[in-house]
Amino acid sequence: GNSVTQMEGPVTLSEEAFLTINCTYTATGYPSLFWYVQYPGEGLQLLLKATKADDKGSNKGFEATYRKETTSFHLEKGSVQVSDSAVYFCALSVIGTYKYIFGTGTRLKVLA
Amino acid sequence: NAGVTQTPKFQVLKTGQSMTLQCAQDMNHNSMYWYRQDPGMGLRLIYYSASEGTTDKGEVPNGYNVSRLNKREFSLRLESAAPSQTSVYFCASSPRTGAPSNSPLHFGNGTRLTVT
């Protein structure tokens with residue numbers, strides 16, 4: 001079946017630290033992959049996406065590369081800010097359907 | 001741009017009561033979705049509507065019904081609420097018209113429901 005696995009949080013970092021949030025997936029075919037961010041009290045917002053192998057999605061200093069060989073889509077940022085504190089979700093669109101599957105989310109807390 | 005609008009933002013129900021969660025989008029999107037968010041479980045798909053006039057079950061449809069009233073509106077109904085339905089409910093929409101698709105979802109701000 002199709003599934004998304006994210007690293008458990010919370011992840012606590014100091015400002016300007018390097019961030020990695022791991023995401024691996026199981027899917028039939030080559031789905032599109034997404035990272036969403038959720039700030040407190042809000043809905044999810046698209047952060048970045050990649051639609052085929054070796055694509056790199058990027059936005060607001062965040063990056064993720066679609067790795068077919070390791071079925072991974074890890075989120076990275078070189079220098080986090082306090083304002084990056086949020087919950088991050090990895091997701092995929094299921095081939096041949098209209099469904100999207102989400103990971104369990106990883107909470108990031110950045111300390112000043 | 002309002003995007004996806006959900007009402008109400010908060011609701012408290014007693015076990016056995018019914019209610020309808022409303023969702024409307026103004027982006028002319030074809031597909032609409034209802035998810036629930038629970039701690040440690042991420043987002044789980046309840047129902048979705050690929051286009052006006054169609055609805056399909058997701059992972060956790062039991063205890064819910066939906067109506068795609070028109071292209072803009074997609075409501076979620078709880079006929080007899082149970083404590084296990086305490087959750088945050090999100091409506092989302094997508095412009096996608098087929099599968100596969102690289103179109104992302106656009107989310108509303110959620111409805112926080114408590115069933116006592």
Side-chain angles (χ1 to χ4, degrees), chain A residues 1-10 21 23-25 27-53 55-57 59 64 66 73 86-107, chain B residues 1-6 9-10 23 25 27 29-52 54-61 68 74 88-112:
Chain A
N2 297 275
S3 64
V4 175
T5 302
Q6 286 182 240
M7 61 188 288
E8 296 237 354
I21 300 179
C23 171
T24 57
Y25 67 90
T28 305
Y30 303 111
S32 292
L33 301 174
F34 307 88
W35 277 102
Y36 289 84
V37 59
Q38 183 182 32
Y39 298 103
E42 297 184 8
L44 281 70
Q45 305 172 27
L46 178 69
L47 183 58
L48 53 84
K49 70 177 186 182
T51 58
K52 61 183 187 296
D55 261 4
K56 178 184 282 189
N59 186 26
Y66 191 138
F73 192 53
V87 181
Y88 292 82
F89 290 89
C90 186
L92 63 82
S93 65
V94 180
I95 296 286
T97 79
Y98 284 79
K99 298 180 183 179
Y100 297 78
I101 291 178
F102 287 79
T104 52
T106 302
R107 182 175 299 278
Chain B
N1 271 345
V4 179
T5 303
Q6 291 184 236
K9 292 187 191 312
F10 301 94
C23 174
Q25 52 90 9
M27 296 173 283
H29 285 175
N30 294 300
S31 306
M32 297 186 74
Y33 302 77
W34 277 105
Y35 285 87
R36 59 177 289 174
Q37 182 180 24
D38 302 292
M41 305 194 76
L43 275 74
R44 292 181 292 168
L45 181 62
I46 305 171
Y47 271 93
Y48 66 100
S49 170
S51 60
E52 188 179 352
T54 68
T55 61
D56 285 284
K57 295 178 181 179
E59 302 170 66
V60 288
R68 182 75 183 265
F74 188 41
V88 182
Y89 291 84
F90 286 100
C91 179
S93 68
S94 169
R96 66 185 298 177
T97 56
S101 172
N102 60 13
S103 298
L105 290 172
H106 299 252
F107 284 85
N109 283 336
T111 295
R112 186 174 295 274

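Every chain is numbered from 1, with letters handed out A, B, ... down the list of sequences. Keep in mind that what you see is a predicted model, and the values were worked out from it rather than measured.
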For a 4.5 angstrom cut-off between non-hydrogen side-chain atoms, does B/Leu43 reach A/Leu44? yes
Where on B/Leu105 is there a heavy atom nearer than 4.5 Å to chain A: the side chain, the backbone, both, or neither? both
So, the part of A/Phe89 with a heavy atom under 4.5 Å from chain B: the answer is side chain
Rounded distance (nearest 0.5 Å) linking atom NE2 of B/His106 with atom OH of A/Tyr36: 7.5 Å
A/Gln38 versus chain B, heavy atoms under 4.5 Å apart: side chain, backbone, both or neither? side chain
Would you find more than 12 non-hydrogen atoms of other residues, nucleotides or ligands less than 6.0 Å from B/Glu59 atom CD? yes
Is it the side chain or the backbone of A/Lys99 that comes within 4.5 Å of chain B heavy atoms, both, or neither? both
Can a donor-acceptor pair be found, under 3.5 Å and without considering hydrogens, that links the side chain of B/Asn109 to the backbone of A/Gly43? yes
Pairs of heavy atoms under 4.5 Å with chain A: top-ranked of B/Ser94, B/Ala92, B/Pro39, B/Ser103: B/Ser103
Can you confirm whether more than 12 heavy atoms, excluding those of A/Arg107, are under 6.0 Å from its CZ atom? no
So, does B/Tyr33 use its side chain to make a donor-acceptor pair with the main chain of A/Tyr98 at under 3.5 Å? yes
For each of B/Gly40, B/Cys91, B/Ala50, tally heavy-atom pairs with chain A at distances under 4.5 Å, and name the one with the top tally. B/Ala50
Verify the neighbour count for atom CE of B/Met27: are there more than 12 heavy atoms of other residues, nucleotides or ligands below 6.0 Å? yes
Pick one of side chain, backbone, both or neither for B/Gln6, based on which atoms fall under 4.5 Å of a heavy atom in chain A. neither
